[in-house]
Amino acid sequence: MIRPAHIAFFLALLLGSSAFAQTTPPQQDVNKSGDILHTLDTLMTLWYIKNATPAKNKKAMNICGFKPEDVPTYTDSIYARRIRMIESPLPLAYNETVKAFIELYAVRKRQQVEKMLGLSETYFPMFEEILDKHKMPLELKYLSIVESALNTRAESRVHATGLWQFMYTTGKLYNLETNSYVDERKDPVKATEAAALLLKDLHNIFGDWFLAIAAYNCGPGNVNKAIRRSGGKRTFWEIYPYLPQETRGYVPAFIAAAYVFQYHQQHNLYPQEVGLPKMVDTVIVTKELGFAPIAKVLNMPVDELRDLNPQYTRDIIPARDKSYALRLPAAKAAAFAPMRDSIYHTYIAWLKAEYPNKNPNDSSGIVEIAFRGHGGKGYESTEKVKYTVKAGENLSYVADLFDVSVYSLKRWNRIRTKSVAVGRKLTVNVPADKAKYYRKINTMTALQKKKEVFGRHYTEPEKEAPKEDTQASTDKGKPAEEGAKTTTAEQTTPEPKQVNTPHAKFYTVQKGDTLWSISQRFPGITVEDIKKANNITSNHTIHIGQKIKIQKG
């Protein structure tokens, strides 16, 4: 995520300060990597991520024979050996900071990693093709994991956007169009092409891929300052203490992402089916067109169009004096050409029905329609709602109520601590078309809110809302190889939601559930608790529709 300005301008910023930046403990480098943690959290708010399902061939991929709840970790020597075995022209190294990021991905953020593994099946072939065209190391594709967690709509606190987190000015510098209708920073193909060119330019400047990755995050000026402060050192690890705090984590996180994606099976991690089509084709749109008639005529969800074409921010393809590309599932792309006229006629009919006094051939009329929110109504626009924190609630619980990340909730309300006071009024940004629903949450009972967070699985009323987190535990599985250990994954947010369980409640087993995934829905409940309460002797003896008693053992 390079800061906006021309690279040549950055090269002039060779400031002379020689203040020594102290190195920090590895875990602190992880905790200080705000944008990395933020993108991992926001990934979970996407509808197609929430509806992801376990891979159908998960059993075949489980080459180590893990139990579903096993969370393997390994000795330093095994991590180091595996990283050395990754065939790459990049100088991948292992140290305590890399280990801290491996644990972030492989232990703390397992849910996100399985979903990113699924997304990678859509995006990585595209990345590799572009990197290969430019004769660049294919492993650079893993930088997208660090930058955006493969979320095309990711936006940082400083408004870097898209898979490759381009700032507005840098995007313009690399020919990414950004206007009221189009933001090509969100276009998977064009943004990847721009990222490849930018990384190539940075490599030409520094002669080192890791320094190029650091400069991609903080800008060439900051990397040059770090080189100067280090006394002229020219490798990432030598200038590491002199880089900005957050940038120090980017190369270790990159190495950790490369490791976890290469060895995901050894960590009992498998790609999830995320709902994005793997076979996609491109059609050319030569006239202005809205998503609604495309979806109607081709019989497909508008949401799928949005997810395949996030660059069109108002659900309108503004093809007036130029053509635009539209990505569709392969079968729908084949149907587009013979149905093109029908799609255009449907669009014109819609415009006439909505605005009978507007001339559909007059682009100024289209502009007014688009800015009133039609075509993309409620998609990009948001509204602020208020929520008053109730007794026993924490930030993680409130974030789940509103389908946002803890990081965003803290940022919107300028909260720097892990706790929040009872009675505090929080501001939450929600989709405009759902604002009425979200406002009702403030008046819901504790039971009603729990149903919103955990679905329809509560069959008995509870007296109070979740309390602060306690440590859950699960069985320890058998090591997959010498030096391996299995531990329990931490919750996916810094403040896990906690459910009091003074009485039994029941959960209905859904498709893809395991005892471990069910236990994660009820913090404080372990796999052993569930097995004991239901007289279950094996981790695999549950079936869809089965009622599971949830009770602390």
Side-chain angles (χ1 to χ4, degrees), residues 44 50 53-54 58 66-71 107-111 114 268 389-401 403 406 418-419 422 441 444-478 486-553:
M44 301 299 284
K50 287 183 177 181
T53 58
K58 182 175 179 179
F66 290 119
K67 298 176 182 178
E69 69 270 19
D70 287 347
V71 183
V107 179
R108 292 168 55 190
K109 302 293 183 180
R110 293 175 63 80
Q111 293 184 55
E114 290 199 317
N268 204 21
V389 178
K390 311 301 189 297
E393 296 178 347
N394 58 29
L395 288 172
S396 179
Y397 181 67
V398 176
D400 280 340
L401 279 173
D403 298 313
V406 173
K418 290 186 177 181
S419 59
V422 174
I441 292 177
M444 287 181 179
T445 65
L447 176 60
Q448 288 172 329
K449 286 186 285 189
K450 284 180 178 180
K451 287 182 177 178
E452 292 304 314
V453 174
F454 299 107
R456 55 185 180 280
H457 312 305
Y458 281 81
T459 57
E460 294 185 25
E462 293 290 318
K463 293 184 178 180
E464 54 182 335
K467 291 184 178 179
E468 291 298 328
D469 66 324
T470 59
Q471 181 65 41
S473 63
T474 61
D475 293 347
K476 291 184 181 290
K478 296 179 181 179
T486 56
T487 61
T488 303
E490 296 177 26
Q491 294 292 331
T492 58
T493 65
E495 300 173 75
K497 46 186 178 290
Q498 177 65 38
V499 179
N500 289 332
T501 56
H503 305 293
K505 56 184 71 68
F506 291 88
Y507 173 85
T508 302
V509 177
Q510 309 293 307
K511 180 181 179 181
D513 277 338
T514 65
L515 292 182
W516 183 84
S517 67
I518 293 171
S519 73
Q520 297 303 291
R521 293 177 176 270
F522 304 94
I525 297 295
T526 68
V527 170
E528 280 304 307
D529 290 333
I530 298 174
K531 290 167 73 172
K532 183 176 179 180
N534 295 274
N535 296 319
I536 295 174
T537 58
S538 168
N539 291 325
H540 305 287
T541 54
I542 58 174
H543 54 82
I544 296 173
Q546 181 179 350
K547 296 285 187 181
I548 297 291
K549 183 188 292 185
I550 305 298
Q551 189 172 30
K552 187 72 176 173

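In this chain, residues are counted from 1 in sequence order.
When atom types are taken as modelled, the side chain of Gln448 and the backbone of Thr445 share a donor-acceptor pair closer than 3.5 angstrom. Under the 3.5 Å distance criterion, the side-chain polar atoms of Asn534 are matched with a main-chain donor or acceptor of Ile530.
The shortest side-chain heavy-atom distance between Val398 and Glu393 falls under the 4.5 Å cut-off.
A distance of 6.5 Å separates NZ of Lys531 from CD of Glu69, quoted to the nearest 0.5 Å. How far CD of Glu114 is from NZ of Lys58: 5.5 Å, rounded to the nearest 0.5 Å.
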(request) Please assess Ile536 against Ile548 for the test side-chain contact (heavy atoms from CB on, under 4.5 Å), listing each intermediate value before the final yes or no. (result) CA-CA 10 Å; Ile536 295 174; Ile548 297 291; 4.2 Å; yes
ask   = Can you check side-chain contact (heavy atoms from CB on, under 4.5 Å) on Val71 and Asn268, steps first, answer last?
value = CA-CA 7 Å; Val71 183; Asn268 204 21; over 6 Å; no
